[in-house]
There are 2 protein chains.
Amino acid sequence: MTRPRPERSAASQLAASGRRLTTPRKAVLEALGRADGPLTIEEIWEAVPDVGRATVFRTVKLLLELGLICRVVLENGSVRYVPATPDHHHHFICSGCGAVEEFQHPPIDEAIRTLAESAGFELSGHAVELYGRCRHCRAATPD
Amino acid sequence: MTRPRPERSAASQLAASGRRLTTPRKAVLEALGRADGPLTIEEIWEAVPDVGRATVFRTVKLLLELGLICRVVLENGSVRYVPATPDHHHHFICSGCGAVEEFQHPPIDEAIRTLAESAGFELSGHAVELYGRCRHCRAATPD
DNA sequence: CACAGTACTGAGACCTGGTATCATTTCGCC
DNA sequence: GGCGAAATGATACCAGGTCTCAGTACTGTG
Ligand SMILES: [Mn+2]
Ligand SMILES: [Mn+2]
Ligand SMILES: [Zn+2]
Ligand SMILES: [Zn+2]
């Protein structure tokens, strides 16, 4: 007997707000899934030839709101998108290969909470992005 | 007897790279100093009537590179600028009054270093931005 | 099945933050 | 004062992103 559990599939996430998992939406999601790194909007668009540009923008915004994808801000300020783990996490972005690794590390969040408390801030959210070189890139060019 | 110490004035920072502290640059810096919160480029431009738009952009970029001002990314993604403390710090951004408070909190940086080490990342930088309501806004509308 | 109503779509006009160009001005230095 | 480098303002331009709108795809109700 299958116990009912909170549904997290894209379709049900969308359905919960009266939306549908349409062909263009599925295509964008799959394009991001296939890619081995974060994509720009333009790259998504290229990967999804029959979808209009406006629809790509609309879809990315929607998927962001639903938490199905993440916006990643590179060190130079440009933004790209990756499929998301739905849980709270942060990003490490490799300047060598462009890979994005999600991580979670309770001590960081803990330290943030502690600081906010002692400073009298009421936190609604926080962003932590790390920049540097990943294990693979270090191995490739140790220097 | 005044001991020579590392000069950090805007003028000397600029001079160090063969640049000059010109009237427009001084004006932009002063506009940011006068403001009681972070400004957009457009707001800076309005505050500095005789300076061309391109020069405002150029100046902001230059002051950023020199670390004389900070780019602050709001929760909605829009960007604003504030005068900077030259030391390493992070930002707390109040969604109530828009104020930006700088803070530094070694445990956060410590936790980040620890994580990076254990994950095999070679860090080149990191960003931490906190969002929420400041002490004053909480007092005003405790809700 | 017919039909009504809503969600969604693509094309293209449009808007806006930012850059490139270039002729002119400012400034430090001799 | 005169020279060359740095800086400036006007303006054309570009790139991301949004808006509009007429048409399409679904959903669900009878
Ligand atoms: Mn993510
Ligand atoms: Mn700052
Ligand atoms: Zn890498
Ligand atoms: Zn506040």
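Order of the sequence lines fixes the chain letters, A, B, ..., with proteins taken first and strands second; residue numbering starts at 1 for each chain.
- Between the CG atom of A:Asp50 and the C1' atom of D:dT24 there is a distance of 15 Å, rounded to whole Å.
- Distance CG (A:Leu66) to P (C:dA7): 15 Å, rounded to an integer number of Å.
- Look at B:Lys61 and you'll find a side-chain N or O under 4.0 angstrom from OP1 or OP2 of C:dT19.
- Proximity note for B:Arg20 (side chain, C-beta onward) versus D:dA5, D:dG17, C:dT9: the nearest is D:dA5.
- Spacing between atom CG of A:Leu62 and atom P of D:dT18 amounts to 13 Å, rounded to whole angstrom units.
- A salt bridge links A:Arg80 with A:Glu43: the closest approach of a Lys/Arg side-chain nitrogen to an acidic carboxylate oxygen falls below 4.0 angstrom.
- A:Glu122 places no side-chain N or O within donor-acceptor distance of the main-chain N or O of B:Arg138, the cut-off being under 3.5 Å.
- Taking only distance into account, the side chain of A:Arg58 meets the base of C:dG10 through a donor-acceptor pair shorter than 3.5 Å.
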**Request:** Assess whether side-chain hydrogen bond (donor to acceptor under 3.5 Å, both in side chains) is satisfied between A:Ser17 and A:Arg19, documenting all intermediate values.
**Result:** CA-CA 5 Å; A:Ser17 52; A:Arg19 267 75 161 266; 3.0 Å; yes
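- Rounded to an integer number of Å, the gap from B:Glu42 CD to C:dC15 C1' is 13 Å.
- Closest to the A:Thr22 side chain, of the nucleotides C:dT9, D:dT18, D:dA5, is C:dT9.
- A donor-acceptor contact under 3.5 Å is not formed by the side chain of B:Arg53 with the base of D:dG9.
- Comparing B:Thr23 and B:Ile41 against DNA chain C, the residue whose closest nucleotide sits nearer the 5' end is B:Ile41.
- Under the 4.5 Å side-chain heavy-atom criterion for grouping Ile, Leu, Val, Met, Phe, Trp and Tyr, B:Leu64 is connected to B:Leu66 within one hydrophobic cluster.
- Rounded to whole Å, the distance from CZ on B:Arg25 to P on C:dT25 is 19 Å.
- In this structure, B:Lys26 atom NZ and D:dA6 atom P are separated by 20 Å, rounded to whole Å.
- Nearest to the side-chain atoms of A:Phe57 among the listed nucleotides D:dT8, C:dA20, D:dT18 stands D:dT18.
- Nucleic acid contact class of A:Arg19 (heavy atoms, under 4.0 Å, all strands): sugar-phosphate only.
- Between the CG atom of B:Leu21 and the C1' atom of D:dT8 there is a distance of 15 Å, given to the nearest Å.
- Between A:His126 and A:His88, the angle of the ring planes goes over 60°, which puts this pair in the perpendicular group of the 30/60° scheme.
- In this entry the distance linking CD of B:Glu46 with P of C:dG17 reads 11 Å, nearest Å.
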